[in-house]
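Data block below; observations after.
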Amino acid sequence: MAGTKRAQRGRNFRRIVVALVIGLACAAVVPAGHAAETPPCVTPAGRGRLVELDVVAPLDDSVSAPENDPEAVRYQAAEVLRGFLESVSTCGLDHRLAFVHYGTSAPAELATPLVPVSDPGGVLAASLVPLQLGYTNFVPALERVAEILNGAEEDGRQRIVVFYTDGLPDDGSGRPLAEQFADIAAALGRLGQVRVHLLARIADDAAWASVEPYWSELGLASVQRLGSVDELGARYLGILRSELGLGRGDEAELVRRGDEMRIELPPYLEGLTVTALAAESGAELEIVGPDGAVDPDMQTESGRAQVLGVRDPEAGEWRVRLVSGGPVAVALDRVPLVARLVSPPATAPQGRPLRIEATFLTSDGRALPAIDDKPRFQGATVVRPDGSSARVELEEIDAGRFRATETVPTPVPGRYEVTLTLRGATEAAAAETTVPVDVVAVPYLESMAPRRWVTAGQPVVAEADLLLGGEPVEPAAAFAEDPRGVAVARLFSDGALLETRSMQPFEHAGFRVEFHTRAQPGTSYEVETELGGLLVDGTAVAETWRGDPFDVRRTLWQQIERALAWTGLALAVGIVLLLLAATIAFFRLERVHRRVDLETGPVFMAGRRLRRVRVTTGGDGRLWIWQGSDGIVRTTRRLLPIPIGATAHPRARVK
């Protein structure tokens, strides 16, 4: 009867735990309003600090387990772990979980593969069946864990192992604990970079005191003793908090409503990412900008794991405030621009000066424009193998693309460290990265022609010297193969490839090629040379170099011819226009004269029609009409005056 009641209590407790897990899983993050259309994983930093987890949970199914765990709490703990993992999932985070049953051995048929914690096929739930597998041998359990993890794609996931056990090793050999823990240490070493956590459920203080020092010496990620199953939630939350990426030590714990975490942002950042992990569901956060306004798209709803981002944030102080719920662990991260070294490549020849070229772009390839009241500086520092350094400034040649205003000599071979920096003047760096460049003593081509311009109408000719350590070297002496096949040149115009031709040895230490393309005025060209072959010492060389752009110009005589041609054309056009203007003027005058005659019409004075009426226009624009006998002629429009001294006739009119 007592056993029946105990079994019933176990089933009831399991139902309560499962209900709790389902409730936690339903508390996933669902941002409100606009944020629902833009999932929280779509932030400037993608997932923020959170990482995807692959968790393997070995289940202690030894003979001693029923004695130390009569209610099979280890299976309830496994289900709680699955529920916790699901409750801290958010957009873009697909945690996976696997179970391993072990005792004397860890049978492969009783282990599950890594599956999503949502357990869509019920694989995890079906494996939670109490078993008795003999002794408590941790070594085969760890070997089975390694097999599961090695058989799954890593994809940048964080791999962890969580043991829930009584913590008392017993492989059945009767050997001392020290020897058994030595085998466990060797098995842990074969796991590689996997982090292992141990949760020991053991009531006997003396038994725990006998094994705790051994567990502590193994260097596990954590070793914790559980007093009761009620502690599982807090323990799992602590483990997941650190493994998810929130264990760097710069997070803030927001406990009460109104608690804030602040961060000062410089200009020219891609974004601000907020990563939060709540102890319980129901926590709400809001992000406050430098102007004190709360962006409605940046207020969260209840949930355990939250990732939010502010794109192109304004410089100044930003705050994350707890609106309700808690406690919540919050981390604020600046998202810098992506600094990338375009030139030189990872390997450069000794003797050729380094010409730094770089891009500073957002992760999605956008270039941030300069801010008027926030001067921007972009530069590079080159540290030579001897520790000396050189600093160069970068100027913008295209949106987000920068080139150094001067080159850095490479007198000795070795590793040169190139540090790219972009920041608002007097502000913290908004983008910075260091890239190694290995300078080696190998031959290289140094472009000699064309330099800055070529003659219009002529074929484009490229010439390059073969240098070693800055000194000329003959191609035939440098290469163990025919030098006529070790160099090619490519001709580009506005980024488009026009021709690719093989370069031929020229004079003593150079190569030359004549392209079919004839230089067109108003066009800019670039020549790229590629050198590749086997040197006399057996070293293979492969090196590509693109020279500076060059323009097309006309010679003095071409300019004179062009000027004369344009002058002759202009003269001819001028003459034609002059003749056309004269013709138009003539016809317009004739037309005006005829129109004036017609508008005047027959003139009558004192009932008599006047003949041979003369019509002229005065300098003041008035019309003058007269005949042999003068008089004022009245028209229907105006009075038409006649020369001074003439006799007026009141009846004169014009029809």
Side-chain angles (χ1 to χ4, degrees), residues 21 24-25 28-29 39-59 77-100 106 108 111-121 123-125 127 141-164 187-199 219-222 235-248 251 273-277 303-309 329 331 333 335 363:
V21 170
L24 292 176
V29 178
C41 60
V42 184
T43 66
R47 299 169 179 165
R49 291 196 182 185
L50 300 185
V51 297
E52 288 183 310
L53 300 180
D54 276 349
V55 183
V56 182
L59 303 175
E79 180 60 26
V80 170
L81 175 61
R82 189 203 66 78
F84 258 82
L85 282 170
E86 188 172 16
S87 72
V88 298
S89 296
T90 185
C91 184
L93 292 174
D94 184 19
H95 305 308
R96 298 186 300 192
L97 177 63
F99 292 143
V100 171
T112 71
L114 286 167
V115 298
V117 293
S118 58
D119 195 16
V123 175
L124 299 176
S127 70
L142 291 170
E143 291 174 346
R144 186 66 61 203
V145 168
E147 179 182 315
I148 292 173
L149 292 177
N150 293 335
E153 294 184 4
E154 185 174 358
D155 296 333
R157 294 169 174 266
Q158 176 72 13
R159 298 181 164 195
I160 66 173
V161 180
V162 180
F163 276 94
Y164 182 91
L188 288 170
R190 292 190 289 271
L191 281 179
Q193 299 300 316
V194 178
R195 292 169 55 83
V196 179
H197 298 266
L198 181 77
L199 293 177
L220 302 184
S222 68
R235 300 298 177 89
Y236 282 146
L237 186 65
I239 292 174
L240 296 180
R241 175 174 171 174
S242 61
E243 297 298 345
L244 283 169
L246 286 172
R248 302 182 187 177
E251 303 86 5
T273 296
V274 179
T275 308
L277 184 62
R304 284 184 177 271
Q306 304 177 23
V307 182
L308 295 172
D333 293 295
V335 184
S363 56

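Sequential numbering from 1 along the given sequence is applied to the chain's residues. Being a predicted model, the structure only gives us computed values, none of them experimental.
Nearest heavy atom pair, residue Val194 against residue Leu191, reads CG2-O, 3.3 Å. Here the closest heavy-atom approach between residue Arg82 and residue Leu124 is recorded as CD-CD1, 3.9 Å. Summarising the geometry of Pro58 relative to Val161, their closest heavy-atom pair is CD-CG1, 3.7 Å, with the distance given to 0.1 Å. Between Ala141 and Val100, the closest heavy-atom pair is O-CG1, 4.4 Å. Smallest separation of non-hydrogen atoms from Val51 and Gln158: CG2-CB, 3.9 Å.
Counting only heavy atoms from C-beta outward, the side chains of Val55 and Val117 never approach each other to under 4.5 Å. Inter-residue side-chain proximity for Val162 and Arg235 is flagged as unmet; no heavy-atom pair is nearer than 4.5 Å. The shortest distance between side-chain heavy atoms of Leu149 and Leu114 falls below 4.5 Å.
Listed by chain and number, the residues in a side-chain contact (heavy atoms from CB on, under 4.5 Å) with Ala221 are Arg195, His197, Glu243 (sequence neighbours excluded). Applying the side chain to side chain donor-acceptor pair (under 3.5 Å) rule to Asp119 yields no partners; only residues at least two apart in sequence or on another chain are considered. Applying the side-chain contact (heavy atoms from CB on, under 4.5 Å) rule to Ala57 yields the partners Leu81, Leu97, Phe99; only residues at least two apart in sequence or on another chain are considered.
To the nearest 0.5 angstrom, Leu188 atom CG is 9.0 Å from Arg190 atom CZ. The CG atom of Asp54 sits 10.5 Å away from atom CD1 of Ile148, with the distance rounded to the nearest 0.5 Å. In this structure, OH on Tyr164 lies 8.0 Å from CG on Leu199, to the nearest 0.5 angstrom. Interatomic distance, CG of Leu244 versus OG1 of Thr275, reported as 10.0 Å (0.5 Å rounding).
Although no hydrogens or angles enter the test, the distance criterion places no donor-acceptor pair under 3.5 Å between the side chain of Tyr236 and the main chain of Gly83. A donor-acceptor pair under 3.5 Å links the side-chain atoms of Glu52 to the main chain of Asp94, judged by distance alone.
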